[in-house]
Amino acid sequence: MALKLYNTLTRRKEEFRPVNPPQVKFYVCGPTVYDYIHLGNARVFIVFDVIRRYLQHRGYRVMLVQNYTDIDDKMIQRAAEQGFTVPELAERFIDAYEADVRALKVKPADIQPRATGHIPQIIALIGRLVEKRAAYPSGGDVYFDTAGYENYGALSHQKREELLAGARVDPGEKKRNPLDFVLWKQKKPGEPAWDSPWGAGRPGWHIECSAMAMHYLSETIDLHAGGADLIFPHHENEIAQSTAATGSPFARYWLHAGYLNIDDAKMSKSLGNVLTVRELVKEHHPLDLRFLILSAHYRSPLNFNSELVEASRSGRQRLQEMVDNLNRALPGAGAASAAAESRLQAALEQARFRFTEAMDDDFNTAGAVAVLFELGRDCNIYLKEGYPYQRGLLEKAIGFYREANKILDILEMENPGELEHDIREAIARREKARCRKDWTEADRIRDALLARGVILEDTPYGTRWKKKA
RNA sequence: GGCGACAUAGCCAAGUGGUAAGGCAGAGGACUGCAAAUCCUUUACCCCCGGUUCGAAUCCGGGUGUCGCCUCCA
């Protein structure tokens with residue numbers, strides 16, 4: 001079965017064919033580190049984290065590069081406002097980024113280069129463009145000449161004239177053409193700057209990604225990804241400058257994550273509805289946020305509000321408890337019997353197939369999650385009716401969830417562990433009370449344990465406990 | 001104005017032309033000392049109007065509505 005993915009460039013689902021299988025060269029546009037990341041940023045990183053993991057699961061050797069934009073107008077402005085130097089600001093928010101994203105179970109990229117660490121590569125790339133007359137110096141700046149690049153607009157599917165109609169023309173611009181974009185920006189007093197053949201200055205926004213992608217991956221990479229709002233101008237410009245420099249296609253597949261809205265409104269400073277991950281994880285379990293994000297398709301717009309997280313919490317809880325119960329059943333399970341023929345056995349095979357089928361279809365995580373629930377029902381039935389359990393069957397079921405969770409990472413797969421000694425004793429005391437039908441005492445103990453965060457559930461095979469979520 | 005996406009139950013959300021996955025919430029039932037959990041049952045003129053087809057949520061045309069991009073933005 002083939003893996004298909006939607007390519008923004010062609011607007012089609014295409015079969016995934018990397019340049020050099022099993023290698024996959026993957027570049028994701030990372031954060032500008034001037035502030036804490038918000039949930040919209042988080043969606044992008046979560047979604048591409050899952051895509052990366054799925055590619056690995058499919059046997060690809062993925063090399064993931066994700067940059068930090070640590071120099072640009074916003075960085076300079078914010079640093080000035082807060083009385084930091086630009087590098088200090090970057091340091092601070094790179095740390096914050098790493099902590100936030102770790103909470104959301106996003107694995108770090110293989111390489112996380114910073115723009116300021118790659119000024120020579122950036123200057124060299126600009127040099128190539130100037131040499132080829134694809135770019136021109138103008139009054140201390142260097143601009144990319146969009147008029148000389150034929151396919152400008154290919155990614156955003158806009159014609160040059162159409163883009164031109166909406167382009168802003170500032171008086172005093174040093175551009176030849178309103179669509180031209182800056183590759184190198186002349187230093188203004190007090191700004192951080194590096195020496196270059198065109199004078200002191202700093203890189204423009206788009207050029208860093210091209211330079212670093214080429215430096216760490218290759219001139220033609222397999223996957224390039226980011227949020228949907230990067231399609232124009234950022235990715236369009238990356239394509240133009242990279243292709244103009246190398247003559248080779250820059251990326252085979254362009255992947256873009258959909259927007260995340262808050263209460264059906266776009267997240268924006270002016271509406272005051274920007275939700276940072278930092279704040280959200282104080283109120284919600286990070287895995288509930290991750291689960292919510294993965295329960296929609298990555299290209300669809302996704303709405304966010306607290307009711308939706310609540311619904312996700314309930315759903316995820318159901319899966320979590322089911323998996324915990326599988327784990328708890330394991331120690332008491334009997335040896336594998338030969339005749340493992342059961343409904344669960346068949347359901348497991350179905351689930352494996354359907355999970356892959358969903359993920360192969362442009363990373364349909366919503367479909368994949370549905371498979372987890374469907375199998376979950378069968379597992380619950382088995383836990384209820386399959387006693388005494390067969391070890392092999394339980395192991396297979398746990399194995400499936402473990403594998404799926406290596407990709408989605410929405411559940412805690414570790415064994416729930418043991419309770420403190422005194423709590424175990426309390427549970428035993430309650431059992432005795434229940435045997436002599438002393439319901440008052442039994443309920444008293446149950447309430448006391450609840451106050452300590454332990455919930456008890458009585459089943460036909462004994463009392464089960466879980467920690468309060 | 002140009003370009004584009006989307007419209008599926010109370011809510012969220014899959015869906016590859018062949019009588020509509022899954023989740024949340026609700027209702028009823030089973031189990032239970034009570035609870036919790038779990039299981040069973042239950043809820044859809046797939047935005048509207050045409051067309052193609054034996055057959056359309058799915059394809060085509062036309063509406064309507066929502067959102068996005070065209071400007072820094074994940």
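Quantities reported herein were computed from a predicted structural model and do not represent experimental measurements. Numbered from 1 within each chain, the chains take letters A, B, ... in sequence-line order.
Atom name C1', nucleotides C24(B) and U42(B): the rounded distance is 16 Å, in whole Å. Distance noted for atom C1' between C48(B) and U38(B): 43 Å (whole Å). Nucleotides A14(B) and A7(B), compared at atom P, are 9 Å apart to the nearest Å. Comparing the C1' positions of C59(B) and C70(B) gives an interatomic distance of 30 Å, to the nearest angstrom. Look at the C1' atom in both C12(B) and U71(B): the space between them is 33 Å, to the nearest Å. Of the C1' atoms belonging to G15(B) and A56(B), the separation is 14 Å, rounded to the nearest Å. Remark: the separation of the C1' atoms in A13(B) and A21(B) is 10 Å, to the nearest Å. Using P as the reference atom, A57(B) and U52(B) are 16 Å apart when rounded to the nearest Å.
Residues Y298(A) and D362(A) bring a donor and an acceptor atom of their side chains to less than 3.5 Å of each other.
No engagement by I37(A) is indicated, since no non-hydrogen atom pair under 4.0 Å with the nucleic acid exists.
Between the base of A36(B) and the side chain of R464(A) there is no donor-acceptor pair shorter than 3.5 Å. In this model, no side-chain donor or acceptor of D72(A) finds a partner on the base of C72(B) within 3.5 Å. Residue-to-nucleotide contacts include a donor-acceptor pair under 3.5 Å from the side chain of D443(A) to the base of G33(B). Side-chain to base pairing of R11(A) with C3(B): no donor and acceptor N or O lie closer than 3.5 Å to each other.
Atom-to-atom, CZ of F48(A) to C1' of A74(B) comes out at 9 Å; the value is rounded to the nearest Å. The separation between R434(A) atom CZ and G33(B) atom C1' is 8 Å, rounded to whole Å. Distance CZ (F181(A)) to C1' (C70(B)): 16 Å, rounded to an integer number of Å.
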query = Is there a side chain to side chain donor-acceptor pair (under 3.5 Å) between Q82(A) and R92(A) once you walk through the steps?
reply = CA-CA 12 Å; Q82(A) 303 199 345; R92(A) 183 176 157 202; 3.2 Å; yes
Step-by-step side chain to side chain donor-acceptor pair (under 3.5 Å) determination, N177(A) to Y143(A) = CA-CA 10 Å; N177(A) 184 306; Y143(A) 292 93; over 6 Å; no
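For the side-chain contact (heavy atoms from CB on, under 4.5 Å) with I37(A), the qualifying choice from T32(A), V44(A), V101(A) is V101(A), the only one to do so.
For A14(B), the OP1/OP2 oxygens have no side-chain nitrogen or oxygen of N364(A) closer than 4.0 Å. Applying the 4.0 Å criterion to OP1 and OP2 of C39(B), one finds that R318(A) has a side-chain N or O inside that range. Checking the phosphate oxygens (OP1, OP2) of U38(B), no side-chain nitrogen or oxygen of R377(A) falls inside 4.0 Å.
The 12-atom threshold is not exceeded at CZ of R17(A), counting heavy atoms of other residues, nucleotides or ligands nearer than 6.0 Å. A 6.0 Å sphere centred on NZ of K4(A) holds no more than 12 heavy atoms belonging to other residues, nucleotides or ligands.
A distance cut-off of 5.5 Å between ring centres, combined with a plane angle under 30°, leaves F373(A) outside any stacking arrangement with the base of G22(B).
Both G258(A) and R354(A) lie near RNA chain B, and the one whose nearest nucleotide falls closer to the 5' end is R354(A).
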